[in-house]
Amino acid sequence: MPLNERDRIEILMMIGVGDRMRTQQEVCRLFHEMHPDREPVSQSTVSRIERKYRELGHVRDAPRQGRPKINENVQQDVILSALENPHCTVRQVSRDLNIGKSSVSNIFKKVKYHPYRVRLIHELAEDDFDRRTEFCEYMMDHNNQNNGFIANILFSDEATFFLNGHVNRQNTRYWSQENPHWMQEYHTQHPQKRAG
């Protein structure tokens, strides 16, 4: 267990001053007697604490290296931006608040916000149910008449790019702590689209 500032001050007091100074070995033994439930300190630790006090005049920890921690106000701003606009992207929030994308992601992770995708559902018209039944009957009749009819159908993947800003579920997210079961009706026939 690492020593805290209070422990280091206690070790300095055990070392003493002037003609009442103890050796490092005596300090180690005394510290262990006073704290038998803790891991004993070594002579090199006592030496380091004493040297640090002589050089710096204190035994506090040095400032940590690396990125500074994000303060709570910035964390609140990130969470508020997600509450105000759940469709925002990490990049948008990062740019708006002038902080790193990884910091925004870490804050979302810390408060258990997840990016949920939209689920696209096909819009159904009144006569769609009848048309689906007719199509199923048609396919069953053709399959009965020509065995292996379905095996001759070629299916392929198709990508559709909408030119009017229609929902692209690849880059649309909804940030929330719970799944909102976000759905949007999807029009299968659209006047402005380009297949790719």
Side-chain angles (χ1 to χ4, degrees), residues 1-9 38-39 52 56-136 138-139 150 153-196:
M1 180 175 169
L3 298 173
N4 59 30
E5 189 176 344
R6 185 176 176 186
D7 296 332
R8 293 182 208 132
I9 292 171
R38 294 182 59 181
E39 190 176 315
K52 184 175 187 176
L56 302 175
H58 64 80
V59 289
R60 291 188 301 272
D61 286 327
R64 301 268 182 211
Q65 296 294 323
R67 282 184 157 180
K69 288 192 173 186
I70 294 178
N71 65 30
E72 289 192 22
N73 292 338
V74 174
Q75 289 182 17
Q76 288 177 351
D77 290 343
V78 169
I79 295 165
L80 282 175
S81 62
L83 287 172
E84 290 171 2
N85 179 14
H87 304 291
C88 64
T89 63
V90 170
R91 183 171 289 168
Q92 268 179 314
V93 176
S94 167
R95 189 175 40 236
D96 293 345
L97 299 177
N98 199 24
I99 58 174
K101 290 185 289 186
S102 59
S103 297
V104 174
S105 295
N106 290 338
I107 292 169
F108 280 155
K109 188 183 289 186
K110 181 179 177 184
V111 295
K112 295 184 170 56
Y113 264 55
H114 304 285
Y116 292 99
R117 282 188 183 181
V118 63
R119 195 173 108 204
L120 300 177
I121 56 172
H122 290 282
E123 180 183 41
L124 295 176
E126 285 182 35
D127 64 336
D128 283 345
F129 298 102
D130 296 332
R131 288 191 344 204
R132 287 193 316 198
T133 305
E134 288 172 14
F135 177 76
C136 290
Y138 170 81
M139 292 299 284
I150 293 178
I153 298 175
L154 177 66
F155 295 96
S156 68
D157 290 337
E158 179 185 328
T160 304
F161 303 94
F162 291 92
L163 304 175
N164 71 340
H166 195 47
V167 173
N168 176 2
R169 61 185 288 251
Q170 296 301 332
N171 60 7
T172 304
R173 300 287 184 270
Y174 189 98
W175 288 94
S176 176
Q177 289 178 324
E178 295 177 11
N179 190 346
H181 301 288
W182 177 36
M183 291 184 276
Q184 184 167 8
E185 285 187 343
Y186 185 79
H187 305 280
T188 55
Q189 300 296 320
H190 203 278
Q192 288 186 319
K193 66 181 179 181
R194 186 180 84 204

A.B. asks: Let's go through R38 and L3 carefully: what are the C-alpha distance in whole Å and the side-chain angles of both, what is the deciding distance for side-chain contact (heavy atoms from CB on, under 4.5 Å) to 0.1 Å, and is it a yes or a no?
C.D. replies: CA-CA 10 Å; R38 294 182 59 181; L3 298 173; 3.7 Å; yes
A.B. asks: Run the side-chain contact (heavy atoms from CB on, under 4.5 Å) test on E5 and I9 for me, step by step, so that the C-alpha distance in whole Å, both residues' side-chain angles and the decisive distance to 0.1 Å come before the verdict.
C.D. replies: CA-CA 6 Å; E5 189 176 344; I9 292 171; 4.2 Å; yes
A.B. asks: Hey, does the side chain of K52 reach the backbone of R60 with a donor-acceptor pair shorter than 3.5 angstrom?
C.D. replies: yes
A.B. asks: Going through the checks in order, is the side-chain contact (heavy atoms from CB on, under 4.5 Å) test met by K109 and H114?
C.D. replies: CA-CA 7 Å; K109 188 183 289 186; H114 304 285; over 6 Å; no
A.B. asks: Partners of R131 by salt bridge (Lys or Arg N to Asp or Glu O under 4.0 Å), sequence neighbours excluded?
C.D. replies: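 Listed in chain order: D127, D128.
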A.B. asks: Test of understanding: with ring pair (Phe, Tyr, Trp, His ring centres under 6.0 Å), list the residues that count as partners of Y138, not counting sequence neighbours.
C.D. replies: H142
A.B. asks: Under a 3.5 Å distance rule, please check whether N106 uses its side chain to pair with a backbone N or O of S102 as donor and acceptor.
C.D. replies: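 Judged by distance alone, yes, a pair lies under 3.5 Å.
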A.B. asks: Tell me every residue that passes side chain to side chain contact (heavy atoms under 4.5 Å, CB included) with K101, counting only those two or more places apart in sequence or in another chain.
C.D. replies: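 Result, side chain to side chain contact (heavy atoms under 4.5 Å, CB included) vs K101: V90, R91, S94.
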A.B. asks: How long is the straight-line distance from CG of L80 back to CD of Q75, given to the nearest 0.5 Å?
C.D. replies: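 If we round to the nearest 0.5 Å, Q75:CD and L80:CG are 12.0 Å apart.
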A.B. asks: Please name the pair of heavy atoms, one in D7 and one in N4, separated by the smallest distance, quoted to 0.1 Å.
C.D. replies: N-OD1, 2.8 Å
A.B. asks: Quick check: do D61 and R8 have side-chain heavy atoms less than 4.5 Å from each other?
C.D. replies: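 D61 vs R8: side chains touch.
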A.B. asks: Kindly indicate whether the side chain of V78, heavy atoms from C-beta on, has any atom under 4.5 Å from the side chain of I99.
C.D. replies: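 Of all side-chain heavy-atom pairs linking I99 with V78, at least one is under 4.5 Å.
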A.B. asks: For Q92, what residues pass the side chain to side chain contact (heavy atoms under 4.5 Å, CB included) criterion, not counting sequence neighbours?
C.D. replies: C88, T89, R95
A.B. asks: Using a 4.5 Å cut-off on heavy atoms from C-beta on, say whether the side chain of M139 contacts that of I153.
C.D. replies: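 Yes, at least one pair of side-chain atoms sits under 4.5 Å.
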A.B. asks: Could you state the interatomic distance from OH (Y113) to CD1 (I107), rounded to the nearest 0.5 Å?
C.D. replies: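 If I round to the nearest 0.5 Å, the distance is 12.5 Å.
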A.B. asks: The criterion is side chain to side chain contact (heavy atoms under 4.5 Å, CB included); which residues satisfy it with D96, sequence neighbours excluded?
C.D. replies: none
